[in-house]
Structure formats: structure tokens, C-alpha cells
**Student:** 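Got a structure for you, questions after.
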Amino acid sequence: MIHQETPSTPLPERARQVIPGGVNSGQRNVPGLSDLVITRAAGARFWDADGREYTDYHAAFGPPLLGHADAEVDVAVAEAARSLDLCGVGVTEGEVVLAETLTELIPSFERVLLTSTGSEATFHALRVARAATGRRLVVKFQGCYHGWHDSVSLNVISTPDRVGRHDPISTGILPEVLDATLVLRFNDVAAVRETFARHGADIAAVIVEPVPHNVGCLLPDQEFLTALREECTSHGSVLVFDEVITGVRHGLGGWQQISGITPDLTTMGKAIANGYPIGALGGRADLMDLFSSRPGAPVFFAGTYNGHPAVVAAALATLDKLRREPVHEHVFRLGDRARTELAALYRELAVPAVVTGYGSVFVTYFMTGLPKSYDDLLANDTGMFVGYRRRLLEHGIFELPLNLKRSHFSYAHTDDDVDRLLTATEAAVRAQLADPATDVSGASTMAGAVRC
Ligand code: PMP
């Protein structure tokens, strides 16, 4: 049946009639913003259909490190669109240059394959780890998100009663798949050592966000990452750093360069192409050479859009600009400024708060003490976290009003933006303190699945 609507029906309502929930990702349905229609984005801003302007700190969960619609990326994409769309056979020059660039930049990359999303990259990382080791188990950490596929779709934002046991974020996953994933506490060296002592011979892979940014920001202890490296090496397990957020955004060599810990495999995405759909999986040649892009190799790998010319052009233009211009210097400086001045503001307001983050990423938790693992974050005052962000919208500031979400600076943000952020935060927090009642239902996405 062809569905016809009168043009006068508001777009969000039309959306809800034909798109479940009216949005194309479970992460886009935000309480209080169900009628949000975005019409334009440029630099550090976006605009909605009612003409409201927002300074964007959500940044689509992280890709636009250069800012929205970066002129150089746009030109590269437009040129690619004019000259080459997609052929699906052989290789293009852009793919070769991008692979060469990434292997030059990322310490663990001896070989690299492109995907269209981060989830595909983490999926293939776990598949090849199981294929290479012939083992069943995967280890992940509470609070980390690695995409939507079954082996890792558990224990991201868990309610207190579900921490310490399997907490799938979706129904429809085979219990035997969930059983093959062990969930440990982030930064807990003893738990890692004990788990390897008990199950080491069955562990195919350990997958970790080296900085768990899907719950804001948990900074890793160096000894924790070292322990992961040591245990994986001594037990023949594959260490996967999921650098979909940290890669490129925190430095061109990812967190592995910052920490000096080299994983066996690395997954990337998001900021590599400044907003165009990309993922990458790279690492040790002996593992990567198991993929069926090599004739006769046993681990099936395919994807119609892998290495799409427009996306590859976006990635090359992005990486080129990141290497040429002081992008990291700029976003790190704004991040440091925001963290320092926000912390001073909360002290002045006598609001218990921890302002943390790294580089361009910042987040304020309403609790005391620097969190080390997800269970520490259970102390965060969700009403305050979500409530002041809802009030920030009234000041044209968009920090995603969902529990534990991080905020980002881009190259397009300025010191004036930081000034405005500080002024608006003060007003929003004061208003929240004066009227703290906040309905937080639906404000924790990636929480355990609702049981029917
Ligand atoms: N890994 C991490 C660390 C992520 O943050 C995400 C996305 N938020 C993914 C994997 C999945 O990437 P995508 O949404 O592109 O599939």
C-alpha cells in the first residue's frame, strides 16, 4: 500500500507512522525531543525545523572532529561523487592510500580492512579471534559498548541490580551466545588475572574501549591495560582495542600510542571520516590475513559499501587536515579550559560534581570522587545530569540529555563557545537546583532490555 499523507501533517508524526519510533537509531529517541527535526548543520552548530540554533556538543556521538560540513571534506566527497561512485570489484587508489595512511598512523596496524560501521569492525574482530584461536569465550567490560551484534550486546548501562551478571541490551539473543561472553569490571586487574587463571585456555579475545566513553569517561589505569596485554600474550588470546571513539579523536595514533600498549587488533570508525559512514579493522598481519579478501582464506569478509569512494575521500581529506592543522591542539585546549572552568563553577555553586574527560571530550558527573569503573557511576545523580542538560537546550546548547553521555569539542568550536557554555551551564544548574524534580524515565539508553 502506498502511504499518502497530507503535507500539513507534521514531519515527526509522519515519521512515527512509517519508522518505528520515528527515528533510525535507538539512540536518537530522546525524552522531550521526540519532535526534533534537524534541517542543517555547519561548523559547531545545527538548526532544527523551527529555526532554533544549537551549539552541538553531542556531535552525533563523536564523528565530526573537524566540525560539521568541513569545507575540505565536502570538496573531496563532491569530487569523488563526480568521478567514481561504486564498482564493487577490484580496488581503488583511494582505498590503497587510506590503508597506507592508517597503517602508518596506528601502531598495531600491519594490515587493515574497511567496513561501513564500527559494529561491523568489532563483529569481524571477534569472528577472526575465534577463528584464529579455535576458542569460544570473549571478555568485555561493564560500561563498554562495541556495537549492536549479539556477542557484545550486554552490560553497557546496567541498573544496580544487574551489575555483576549478564544484562543483555536486547531480547532475541541466543543464551548460548551471551554465555560465551564474560563481563568484568573495568580497571579491575585482579578480576582480569583471576578470569585468565580460570578460563585462559578458552578465551579467544578480550575487547575493550581503552577509555570507556560510552558511559562518559572512565580513564584507564596503565597497570590495567598492561595486565590485559600480559594475560592475552601469555594465554594466546587476542587483545582488541575498540578505538571507534578514541582513535583519531584523542590522537592520530589512537589510545594505543598514548598508552604505549599495542593490541593485536584495533577497531576504528567515527572521526576517521568526520561523519561519513566508515569503520576499520586492522592489526597483526597473521590475523588479518585470515580474512577471505585473500583468496582461499577461511574467515568470510564482505560488504557492498566497504571502501566506498566518497567515504574514502572523506577519510583521506579528514586525516590530511588532522595532520596539517593544529586540530588536536585546538580541541584539547578548549577541552582543558571547559573542564577547569566547569569544575570551578561547580565548586562555587557548592554542587558535588566531578568534571572529567580527555582532550576534546568532557563530562560532568554529579557525585564525588573520580570514577574508575561503571559501578562508581551508579552514584551519579541522574536527575541532575539529565535535568540541567534539558535546561541547556533553552540556552541553545546541545549536550545530549541522556544519562552518562559525553560531550565533544570540534575544531569549529571557539573560545566564545566555551564562554557561552559556562554562562549557560551556570544558569541551567541554578534553575535545576531551584526546581530539581526531573522525570528521568527513558533517559538511560543502552540500558538492559525491558522484559515482557
Ligand atoms: N565501538 C564503540 C566504542 C562505539 O562507541 C560505537 C558506536 N557508538 C561502536 C563500536 C559501534 O559503531 P557504529 O555505531 O558505527 O556501528
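Throughout, numbering of the chain's residues begins at 1 and tracks the sequence. Numbering of ligands and ligand atoms starts at 1, following listing order.
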**Student:** Please name all residues satisfying side chain to side chain contact (heavy atoms under 4.5 Å, CB included) with Gln27, sequence neighbours left out, ordered by chain then number.
**Tutor:**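 Testing Gln27 for side chain to side chain contact (heavy atoms under 4.5 Å, CB included), a comparison that skips the adjacent residues, returns Ser25, Phe61, Lys405, Thr445, Met446.
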**Student:** By number and element, which atoms of ligand 1 are closer than 4.0 Å to a non-hydrogen atom of Glu209?
**Tutor:** 3 (C)
**Student:** Assess Lys270 for proximity to ligand 1: is some non-hydrogen atom of it under 4.0 Å away?
**Tutor:** yes
**Student:** Polar contacts were defined as any N/O atom of the residue lying under 3.5 Å from an N/O atom of the ligand; does this apply to Gly118 and ligand 1?
**Tutor:**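 N/O-N/O distance below 3.5 Å exists for this pair.
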**Student:** Out of Glu231, Arg135, His199, which residue meets the side chain to side chain donor-acceptor pair (under 3.5 Å) rule with Ser237?
**Tutor:**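 Of Glu231, Arg135, His199, side chain to side chain donor-acceptor pair (under 3.5 Å) with Ser237 is met by Arg135 alone.
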**Student:** If you measure from CD1 on Ile245 to OG1 on Thr267, what distance do you get to the nearest 0.5 Å?
**Tutor:**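 Nearest 0.5 Å value for the CD1-OG1 distance: 10.0 Å.
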**Student:** Against ligand 1, does Phe61 come closer than 4.0 Å with any heavy atom?
**Tutor:**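 The answer is no, since Phe61 has no heavy atom less than 4.0 Å from ligand 1.
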**Student:** Taking the six-membered ring for Trp and the single ring otherwise, decide whether the centroids of Tyr57 and Phe362 are under 6.0 Å apart.
**Tutor:** yes
**Student:** Considering only protein heavy atoms, which is closest to atom 5 (O) of ligand 1, and at what distance to one decimal place?
**Tutor:**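 For atom 5 (O) of ligand 1, the nearest protein heavy atom comes out as Asn214 ND2, 3.0 Å.
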**Student:** For ligand 1, which atoms, with element, lie under 4.0 Å from some heavy atom of Thr117?
**Tutor:** 15 (O), 16 (O)
**Student:** With a cut-off of 4.0 Å, which atoms of ligand 1 are near a heavy atom of Asp242?
**Tutor:** 1 (N), 2 (C), 3 (C), 10 (C)
**Student:** Looking at residues at least two apart in the chain, or sitting in another chain, which of them share a side chain to side chain contact (heavy atoms under 4.5 Å, CB included) with Ser158?
**Tutor:**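 Partners of Ser158 under the side chain to side chain contact (heavy atoms under 4.5 Å, CB included) test: Gln142, Asn155, Arg162, Val163, Asp167, Tyr374.
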**Student:** Given Ser119, Ala60, Gly62, identify the one with the heavy atom nearest to atom 16 (O) of ligand 1.
**Tutor:** Ser119
**Student:** Does a side-chain heavy-atom distance below 4.5 Å link Gln257 with Ile106?
**Tutor:**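 They are not in contact (no side-chain heavy atoms under 4.5 Å apart), so the answer is no.
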**Student:** Ring centroids only, cut at 6.0 angstrom: are His124 and His149 within range, meaning strictly under it?
**Tutor:**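 Centroid distance His124-His149: not below 6.0 Å, so no.
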**Student:** Counting only heavy atoms, which portion of Thr267 has something under 4.0 Å from ligand 1: side chain, backbone, both, or neither?
**Tutor:** neither
**Student:** Should you measure from each heavy atom of Ile245, which atoms of ligand 1 turn up under 4.0 Å away?
**Tutor:**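 Checking each atom against Ile245, I get 5 (O).
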